[in-house]
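As the structure is a computational prediction, the values presented were derived from the model and not from experiment.
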Amino acid sequence: MSARSDLPFIALSDAHQARLDARSGRVTGPTANLAPGHVQANLAILPAALADDFLRFCQRNPKSCPLLAVSEPGNPSLNELGVDIDIRSDIPRYRVWHDGVLVDEPTDVRDIWRDDLVSFLIGCSFSFEEAMLDNGLPVRHIEQGRNVPMYRTNVPTVPAGVFSGPMVVSMRPMKVAEAIRAIQVTSRFPSVHGAPVHFGDPSQIGIADIHKPEYGDAVDIGEDEIPVFWACGVTPQSVVASVRPEFCITHAPGHMLVTDLVNSRLAAF
């Protein structure tokens, strides 16, 4: 298996402290705007028997699942993403799945760790939010102190092996001129979802009620604003619910691994 190995990182930092705070239980909530400047990552942990299929799934769906790193089976460290990472404890909150059913949301998974587990770290839209803020664009969930709203759509992913299912999107409302600028800004960050996949009428991608996200929190949308949707790294959780693997661990939506990678160095041009 392979993933990106050319991403730059810096050593001991506020990102490292954020991981230590998650490990100790001092931080258990969403990580948006935590350790500004650092890449955050979604997580999917699967048995090694399913790892090759899931790797191909990520490769075939780079908008939803842009891979940052893949661990060796049973190894909780990911040195290419930062110093002293323990993927079993360094995320504020996890989700544990059995046969596609969510059974627990612990803050630590060391007691259920297995030697055959492979960790997949996937780029997160929290990274391009820094560039949006630098360009004066609104990020409503940060403004309102909420988790980003995320929705299951009717947009299919490209199947790979046993894995298939609908795309999940995250949403940020903004005025039309701001949406145009957001497309320009986020298209520079393909390794963390890149440009939006849809804007405007939510029903066109199967969202029945914009005020009732499947994941995260609803945010206010002004009368002069449109919803803008990006592919989301929670897509694997939608797929897990469809595929029903016997065992899987993911991050709780909005609760990411804060890495030592630098957001500004992810820009493609």
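Leu20 shares a hydrophobic cluster with no other residue; no ILVMFWY side chain has heavy atoms under 4.5 Å from its own. Side-chain contacts under 4.5 Å among hydrophobic residues (ILVMFWY), followed directly or transitively, place Met150 together with Phe126, Val148, Val168, Tyr215, Val234, Met256.
Arg244 contributes no side-chain N or O that, together with a main-chain N or O of Val101, makes up a donor-acceptor pair within less than 3.5 Å. Judged purely by atom type and a 3.5 angstrom limit, Gln40 uses its side chain to pair as donor or acceptor with the backbone of Thr31. A distance-only check finds a donor-acceptor pair linking the side chain of Trp113 to the backbone of Gly74 [under 3.5 Å]. Distance alone, capped at 3.5 Å, is enough to place a donor-acceptor pair between the Asn147 side chain and the Pro253 backbone. Within the 3.5 Å criterion, the main-chain N or O of Leu137 finds no donor-acceptor partner in the side chain of Asn135. No donor-acceptor pair closer than 3.5 Å links the side chain of Asp116 to the backbone N or O of Pro47. Side-chain atoms of Asp21 do not come within 3.5 Å of backbone N or O of Arg26 as any donor-acceptor pair. In terms of modelled atom types and a separation under 3.5 Å, the side chain of Thr157 and the main chain of Ser164 share no donor-acceptor contact. With His198 contributing its side chain and Asp201 its backbone, the two residues share a donor-acceptor pair below 3.5 Å. Of the possible donor and acceptor atoms, one in the side chain of Asp260 sits under 3.5 Å from a partner among the backbone N and O of Val83.
Annotation: Asp209, atom CG; neighbour count of heavy atoms from other residues, nucleotides and ligands within 6.0 Å is above 12.
Taking hydrophobic clusters as Ile, Leu, Val, Met, Phe, Trp and Tyr residues chained together by side-chain heavy-atom distances below 4.5 Å, Val176 shares a cluster with Val185. At a threshold of 4.5 Å between side-chain heavy atoms, the hydrophobic network of Ile, Leu, Val, Met, Phe, Trp and Tyr places Phe199 and Val139 in one connected group.
Taking CD of Glu80 as the start and OG1 of Thr259 as the end, the distance is 10.5 Å to the nearest 0.5 Å. Put simply, CG on Asn42 and CD1 on Ile91 are 8.5 Å apart, with the number rounded to the nearest 0.5 Å.
Side-chain contact, Asp14 with His38: a donor N or O sits under 3.5 Å from an acceptor N or O. Under 3.5 Å, the side chains of Gln59 and Arg56 contain no donor-acceptor pair of N or O atoms. Between the side chains of Asn263 and Ser127, at least one donor-acceptor pair of N or O atoms lies under 3.5 Å. Side-chain contact annotation: His141 with Glu129, donor-acceptor N/O pair under 3.5 Å present.
Looking at Arg172 and Met132, their side chains come closer than 4.5 Å, going by heavy atoms from C-beta outward. Between Lys63 and Val197 there is a side-chain heavy-atom pair separated by less than 4.5 Å. Using a 4.5 Å cut-off on side-chain heavy atoms (C-beta onward), Leu43 and Ser119 make contact. The side-chain heavy atoms of Val169 and Thr235, taken from C-beta on, include no pair separated by under 4.5 Å. Residues Leu121 and Val70 fail the side-chain proximity criterion, which asks for heavy atoms closer than 4.5 Å. Between Ile85 and Ser77 the shortest side-chain heavy-atom distance does not fall below 4.5 Å. For the pair Pro138 and Glu178, the minimum side-chain heavy-atom distance is below 4.5 Å. Under the 4.5 Å side-chain criterion, counting only non-hydrogen atoms from C-beta, Pro245 is in contact with Val240.
Classification of the Phe163-Phe57 ring pair by plane angle, with boundaries at 30° and 60°, yields tilted.
Checked against the 6.0 Å centroid threshold, Phe54 and Phe120 count as a close aromatic pair.
Here Asp224 pairs with Lys175 under the salt bridge (charged side-chain N to carboxylate O under 4.0 Å, His left out) rule; sequence neighbours left out.
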key: Test ring pair (Phe, Tyr, Trp, His ring centres under 6.0 Å) applied to Tyr94 and His251, step by step   = CA-CA 4 Å; Tyr94 299 81; His251 67 292; 9.2 Å; no
